[in-house]
Amino acid sequence: MSAALIDGKAFAAGLRARVAERVPAFREAAGRAPGLAVVLVGEDPASAVYVRSKGKATREAGMESFEHRPGADVSQADLLALVDRLNGDPAVDGILVQLPLPAHLDADEVLLRIDPDKDVDGFHPVNAGRLATGLPGFVPCTPLGCLMLLEDRLGDLSGLDAVVIGRSNIVGKPMAALLTAKSCTVTVAHSRTKNLPHYLQHADIVVAAVGRAHFVKGEWLKPGACVIDVGINRTETGLTGDVDFDSAASVAGAITPVPGGVGPMTIAVLLRNTLVAAHRREGVPLDEGEI
Ligand SMILES: Nc1nc2c(c(=O)[nH]1)N[C@@H](CN(C=O)c1ccc(C(=O)N[C@@H](CCC(=O)O)C(=O)O)cc1)CN2
């Protein structure tokens with residue numbers, strides 16, 4: 001392996017500490033802690049683990065965590081009513097509905113119901129539009145975490161060639177928008193792209209978010225590329241990313257591991273977005289670029 005390992009776990013710990021440092025000043029100014037409400041529908045085991053970690057991280061940062069766990073058979077109307085209550089609750093600055101939702105629920109309608117100014121997941125179309133047009137809003141946690149790791153590693157990204165593999169609303173599309181805003185030349189590829197190696201051979205940055213284990217091979221990469229692996233695939237051999245790590249690490253300049261790369265950034269950025277939401281809602285000044 002010649003690539004440098006990008007330690008997302010360590011970077012996320014630093015980000016969480018920077019968020020926690022700023023909570024006492026907010027408490028002092030607003031007379032309350034920032035509050036994050038997390039909604040988990042049903043008992044999906046992986047989602048339950050993520051929600052538990054979010055609650056723990058929120059409390060450790062000195063913020064208020066409100067957890068709501070409707071049963072797997074909750075109706076669409078009852079779930080929307082819960083979102084309405086959280087929208088109207090002054091102690092709640094951020095609302096997150098853990099995905100995926102059970103199949104009988106319409107996730108798009110639920111996400112659309114969240115007040116965009118409490119949408120710390122950045123999934124509401126208003127926030128997607130704000131990102132696309134360069135207005136301040138909320139950016140989805142995973143792609144914002146990827147961007148932070150890239151800038152920490154490479155500095156100014158301007159002029160670099162980037163390939164984003166995956167076009168989901170949660171990762172691929174916002175990632176492409178963020179890199180475009182940083183003046184990268186961005187190609188969005190996906191599972192049906194005809195000749196992926198053709199696009200990757202020129203890419204200084206590769207973000208793999210396609211949801212297929214070992215999909216990206218080292219021999220497709222430009223030597224020295226910075227490779228960010230968003231994949232979390234549970235295989236017989238354990239947790240693995242979308243990048244074939246061993247072959248990629250012998251060609252790339254830097255690469256994120258799975259686990260310990262992008263994953264921990266998701267929760268750290270969620271805390272950052274909640275802190276930002278609280279300051280904006282209360283009109284308390286915060287240098288958002290500093291966190
Ligand atoms: N409403 C949301 N739902 C989902 C999101 C999201 O951002 N908002 N993202 C994912 C799940 N997720 C957070 O919710 C998440 C995924 C992975 C990790 C993480 O730390 N992964 C570790 C490995 C953990 C493991 O063993 O499973 C790592 O990669 O090191 C944190 C959060 C889908 N749903």
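In each ligand, atom 1 is the first atom listed, and ligand 1 is the first ligand listed.
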Which bit of [X] is near ligand 1, meaning a heavy atom under 4.0 Å away: side chain, backbone, both or neither?
X    : result
I232 : side chain
L99  : both
C141 : neither
R234 : side chain

Problem set entry | Neighbour count above 12 (heavy atom, 6.0 Å) for F66 CZ |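 More than 12 heavy atoms, drawn from other residues, nucleotides or ligands, come within 6.0 Å of this atom.
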
Exercise. Is the count of non-hydrogen atoms from other residues, nucleotides or ligands lying under 6.0 Å from K182 atom NZ greater than 12?
Worked result: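 For K182, atom NZ is not crowded (no more than 12 foreign heavy atoms under 6.0 Å).
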
Exercise. Any donor-acceptor pair under 3.5 Å linking the side chain of D204 with the backbone of D161?
Worked result: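 Side chain of D204 to backbone of D161, a donor-acceptor pair under 3.5 Å: yes, one is there.
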
Exercise. Is there a donor-acceptor pair under 3.5 Å between the side chain of N127 and the backbone N or O of G137?
Worked result: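 Not a single qualifying donor-acceptor pair exists.
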
Just to confirm my output: which protein heavy-atom neighbour is closest to [atom], and how far is it?
atom                    : value
atom 32 (C) of ligand 1 : Y50 CD2, 3.6 Å
atom 8 (N) of ligand 1  : D121 OD1, 3.1 Å
atom 25 (C) of ligand 1 : L239 CD2, 3.7 Å
atom 5 (C) of ligand 1  : Q98 NE2, 4.3 Å
atom 21 (N) of ligand 1 : G263 CA, 3.7 Å

Problem set entry | Salt-bridge contact D121-K54 (side-chain N to carboxylate O under 4.0 Å) |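 Looking at K54 together with D121, the answer is no, because their closest N to O distance does not fall below 4.0 Å.
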
Look only at interatomic distance and state if [X] has a nitrogen or oxygen under 3.5 Å from any nitrogen or oxygen of ligand 1.
X    : result
V97  : yes
K54  : yes
T266 : no
G260 : yes

For this session: Is it possible for you to check whether R18 lies under 6.0 Å from the centre of the six-membered ring of F11, through NZ or CZ, and within 45° of that ring's axis?
Result: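 Output yes; distance and angle both within limits.
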
For this session: Indicate the ring-plane relationship of F26 and H279, choosing parallel, tilted or perpendicular according to the 30° and 60° boundaries.
Result: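 Correct class here is tilted.
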
Problem set entry | Test item: protein heavy atom less than 4.0 Å from atom 10 (C) of ligand 1 |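 Flag for atom 10 (C) of ligand 1 set to false, no protein heavy atom closer than 4.0 Å.
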
Problem set entry | Donor-acceptor side-chain pairing of S2 and S250 below 3.5 angstrom |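 There is no such pair (donor and acceptor under 3.5 Å, judged by atom type) between the side chains of S2 and S250.
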
For this session: Heavy atoms only: give me the nearest L271-A57 pair and the separation to one decimal.
Result: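 Scanning both residues, the minimum pair turns out to be CD1-O, 3.7 Å.
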
Exercise. Atoms of ligand 1 less than 4.0 Å from F123 heavy atoms?
Worked result: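 Result: 1 (N), 2 (C), 8 (N).
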
Exercise. Does the side chain of V206 come within less than 4.5 Å of W220's, by heavy atoms?
Worked result: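 No, too far: nothing below the 4.5 Å cut-off.
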
